[in-house]
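Per chain, numbering begins at 1; letters A, B, ... match sequence-line order. Just so it is clear, the model here is predicted, and its values are computed rather than measured.
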Protein chains: 2
Amino acid sequence: MARPRSEDKENAILEAATRVICTHGLSAPTAMIAKEAGVSNGSLFAYFEKKVDLLNRLYVDLKAEMAAAALDGIPTESDIRTQVFHMWSNVIRWATDCPEKRRTLAHLSVSDDVTPESREKALGEIAGVAELVERARQNGPMRDLPLDFVAALMTALADATIDDMIRNPANADRHCAAAFDGFWRMIA
Amino acid sequence: MARPRSEDKENAILEAATRVICTHGLSAPTAMIAKEAGVSNGSLFAYFEKKVDLLNRLYVDLKAEMAAAALDGIPTESDIRTQVFHMWSNVIRWATDCPEKRRTLAHLSVSDDVTPESREKALGEIAGVAELVERARQNGPMRDLPLDFVAALMTALADATIDDMIRNPANADRHCAAAFDGFWRMIA
DNA sequence: TTTCTATGACTGACTAGTCACACTTAAGGA
DNA sequence: TCCTTAAGTGTGACTAGTCAGTCATAGAAA
């Protein structure tokens, strides 16, 4: 009986928030996000009751998108090292292809506005990644450590590698491969 | 002939800022920092012209303190692995002993308010750490990579390890040692 | 006609930084 | 030893600006 809410507008707000937060940080005004999305200030609050709600939604969405990118086209017939390297490359390609998404995700990751519930949800989204890491380390020296911890070490290495690749594009591929080799010596 | 500016007050402001930013983030009001330091709002701006200046100073100070802690009591007679492990343990002890400083430093590290100049300065403060890493990797598989990159990988691993130890204190020592073993397999 | 969405000016709360005035220090003169 | 005075520091109420979130009104769909 009434005018339906538009999914396009919600997406426009989320995409605008990614762009604006990338450059202005989490203190980016909602008015700026709304303007960038081509939507009125008031409408933003129709789609997301509070600014924190928008932030939490964005965090989960970006994590899910990154996880989906990581698992894209994994060669399941190949040996495990090849598969994990494929995943490693996927994550790094996603991060270098979408620097705005990565930067915004980095802002969100360290924010207190992102609730433990959202972080839990995001952990669920990256289950596929964890499963691959589990198979990779199961006969290696880190086989008795909690999987979460090993996954965190991998994420830390990948993140530092991406930072380096962005700062120093000339050696990007070489450093990407070298860091993966290091990671593999560590776990396998 | 005039009343001298008090170094105690400056330190009180820096320490108060560490505590307040730890819990309230970088958006902590200057008024709150001044109150915590037992100093008037106006005085804070006598010691630090702008809020960013305080933030930058705090960043460099905390980095220097961490570097000093890292190099404390290195057994220079022992083999290189022992020395690097000593440094690794020092950093991790500092971080777990002063969680407020670490958390505030983490807030500052990702902030755009911290200028490249401050980051450069901080890099100078940790030169001793870099020198040790250089000796550790010089015959290993990462000998041809830039030292900065290898140091960044170590920092990333140490940081992820500290996060894990804080979340999961029961296994702290075991994970600390296991992560160092992994790091050593990676570089040596 | 009903029931919702869309708009943007507006509100109230908050914050970085200022400023006029009060106070403190130390050097120098008596 | 005490007083004067120059040259600052210390204070907190205040200003100017910002921002999250609201609300009255207009308009679209059913």
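Across all their heavy atoms, B/A69 and B/W94 have their closest contact at CB-CD1, 3.6 Å. Closest approach of B/L26 and B/K51 over heavy atoms only: O-NZ, 2.9 Å.
In this structure the side chain of B/L153 reaches within 4.5 angstrom of the side chain of B/M142, judged on heavy atoms.
Protein atom CZ of A/F45 is 16 Å distant from nucleotide atom P of C/dT5, rounded to whole Å. Residue A/L55 contributes atom CG, which lies 10 Å from atom P of D/dA20 at whole-angstrom precision. Across the protein-nucleic acid pair, B/K51 atom NZ and C/dC14 atom P stand 15 Å apart, rounded to whole Å. We find that CD of B/E49 is positioned 13 Å from P of D/dT9, with the value rounded to whole Å. D/dC19 atom P lies 18 Å from atom NZ of A/K50, rounded to whole Å. Spacing between atom CD1 of B/I13 and atom P of D/dT9 amounts to 13 Å, rounded to whole angstrom units.
In this structure, A/T96 contributes its side chain and A/R93 its backbone to a donor-acceptor pair below 3.5 Å.
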Contacts under 3.5 Å, N or O only, protein and nucleotides 15-17 of chain D:
none

Side chain to side chain donor-acceptor pair (under 3.5 Å) between B/T161 and B/D164, intermediate numbers included | CA-CA 5 Å; B/T161 303; B/D164 177 82; over 6 Å; no
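Each of C/dT18, D/dT11, D/dG21 was ranked by its minimum atom distance to the side chain of A/N41; first place goes to D/dG21.
The side chain of A/K9 contributes no N or O atom lying less than 4.0 Å from OP1 or OP2 of C/dT5. Between A/S40 and C/dA6 there is no side-chain polar atom (N or O) within less than 4.0 angstrom of OP1 or OP2. In this model, the phosphate group of D/dT9 is not approached by any side-chain N or O of B/Y47 to a distance below 4.0 Å at OP1 or OP2.
Relative to the ring axis of B/F48, B/R57 does not place its NZ or CZ within 45° and under 6.0 Å from the centre.
With rounding to the nearest 0.5 Å, the separation of CZ in A/F180 from OG in A/S89 is 7.5 Å. Remark: B/I33 CD1 to B/E15 CD distance equals 13.0 Å, nearest 0.5 Å. Here the OG-CD1 distance, from A/S43 to A/I13, works out to 7.0 Å after rounding to the nearest 0.5 Å.
Scanning residues 15-38 of chain B for heavy-atom distances under 4.0 Å to DNA chain D yields an empty list.
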